[in-house]
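One structure is given below, encoded as structure tokens.
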Amino acid sequence: MNRRGLMGLLTGALLALAGGNAAAAEGGGHRLVLQVDTNDPVAMNLALNNATAANEYYSSRHETVAIEVVAYGPGLHMLRADTSPIKARLEAFHHSMPAVRFSACNNTLQGMETAEGRKVELLPEATIVPSGVVRLMELQEQGWSYVRP
């Protein structure tokens with residue numbers, strides 16, 4: 001193997017070890033966005049299974065993959081501290097795959113807070129985005145592969 005090939009292989013391995021999200025997001029790898037829009041533990045677990053499968057597949061090929069899960073509507077329960085039906089699994093998942101981003105729709109969050117008359121706390125793994133639907137659109141416009149489990 002020549003020096004250039006070896007450097008590419010080492011760079012890929014380092015990016016894979018670092019999670020790969022930054023490089024993949026910049027066009028240097030694969031990008032997957034998963035939609036969760038239902039308060040169904042089966043769908044939520046399937047999204048995590050899909051993320052795990054994609055990560056394992058590309059890691060085995062020494063390729064980077066960025067993964068983002070976007071939760072909105074009833075699916076926001078996935079990321080709620082008080083009502084998440086998969087809270088324990090999500091915490092363990094985040095420890096094993098910390099580079100996976102979990103985006104929580106602020107529109108849905110505000111609606112839930114208004115309906116419930118109180119502040120709704122999200123799990124620490126969640127990052128609030130203005131709109132889940134808009135986030136999905138933006139990522140697809142940037143070339144991300146979209147999956148709805």
Side-chain angles (χ1 to χ4, degrees), residues 8 11-149:
T11 300
L14 288 172
L15 288 172
L17 288 173
N21 264 1
E26 295 171 4
H30 306 278
R31 298 171 295 181
L32 171 64
V33 59
L34 297 154
Q35 173 182 326
V36 176
D37 65 351
T38 180
N39 188 11
D40 177 5
V42 173
M44 294 172 187
N45 278 303
L46 185 55
L48 297 183
N49 293 347
N50 290 168
T52 300
N55 186 66
E56 288 176 356
Y57 176 80
Y58 288 114
S59 290
S60 75
R61 296 173 53 102
H62 307 290
E63 297 177 26
T64 60
V65 60
I67 301 170
E68 184 166 335
V69 177
V70 178
Y72 67 94
L76 189 63
H77 286 280
M78 176 183 192
L79 302 175
R80 283 184 57 159
D82 60 341
T83 62
S84 176
I86 63 163
K87 184 176 181 177
R89 179 168 184 215
L90 194 58
E91 182 179 336
F93 179 92
H94 183 68
H95 286 297
S96 68
M97 292 178 49
V100 173
R101 179 181 167 144
F102 291 91
S103 294
C105 175
N106 191 51
N107 288 338
T108 300
L109 180 64
Q110 296 300 313
M112 287 179 172
E113 289 180 343
T114 299
E116 296 176 27
R118 63 182 180 90
K119 178 141 178 70
V120 171
E121 296 295 325
L122 298 177
L123 296 171
E125 294 81 11
T127 300
I128 297 174
V129 296
S131 167
V133 171
V134 171
R135 181 69 181 157
L136 288 169
M137 290 174 59
E138 290 173 345
L139 292 174
Q140 289 179 79
E141 290 167 355
Q142 295 168 20
W144 287 60
S145 298
Y146 163 82
V147 173
R148 181 177 182 235

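Positions are given from 1, in the same order as the sequence printed here. Just the heavy atoms: all of them, side chains too, but no hydrogens, waters or symmetry mates, feed the values below. All of these numbers come straight from a predicted model, not from anything done at the bench.
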[atom1] of [X] to [atom2] of [Y]: how many Å apart, nearest 0.5 Å?
| X | Y | atom1 | atom2 | result |
| --- | --- | --- | --- | --- |
| Lys87 | Asp82 | NZ | CG | 8.0 Å |
| Met97 | Leu48 | CE | CG | 8.5 Å |
| Ile86 | His77 | CD1 | NE2 | 13.0 Å |

Flag the pair [X] / [Y] as yes when at least one side-chain heavy-atom distance between them is below 4.5 Å, and no otherwise.
| X | Y | result |
| --- | --- | --- |
| Met112 | Arg80 | yes |
| Asn39 | Met44 | yes |
| Arg101 | Val129 | yes |
| Thr127 | Glu68 | no |

Between [X] (side chain) and [Y] (backbone), is there a donor-acceptor pair under 3.5 Å?
| X | Y | value |
| --- | --- | --- |
| Arg135 | Val70 | no |
| Ser84 | Ala81 | no |
| Asn55 | Ala51 | no |

Minimum-distance pair of heavy atoms, taken over all atoms of [X] and [Y]:
| X | Y | result |
| --- | --- | --- |
| Gly132 | Cys105 | N-SG, 3.2 Å |
| Glu116 | Arg118 | OE1-NH2, 2.9 Å |
| Leu76 | Ala71 | CD1-O, 3.9 Å |
| Ala47 | Leu34 | O-CD1, 3.4 Å |
| Gly73 | Thr108 | N-OG1, 2.9 Å |
| Ala104 | Leu79 | CB-CD1, 3.8 Å |

In a table with atom names and distances, give each donor-acceptor pair under 3.5 Å that connects a side chain of residues 119-126 to protein atoms at least two apart or in another chain.
none

**Asked** Given Asn50, which of Ile67, Val69, Val147 fulfils the side chain to side chain contact (heavy atoms under 4.5 Å, CB included) condition?
**Response**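 So the option named by the test is Val147.
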**Intermediate values then yes/no, side-chain hydrogen bond (donor to acceptor under 3.5 Å, both in side chains), Gln35 and Tyr72** = CA-CA 8 Å; Gln35 173 182 326; Tyr72 67 94; 3.0 Å; yes
**Message:** side chain to side chain contact (heavy atoms under 4.5 Å, CB included) for Val33 and Gln142? Distances and angles first, verdict last.
**Reply:** CA-CA 11 Å; Val33 59; Gln142 295 168 20; over 6 Å; no
**Message:** Parallel, tilted or perpendicular: which one describes the rings of Phe102 and Phe93, with boundaries at 30° and 60°?
**Reply:** perpendicular
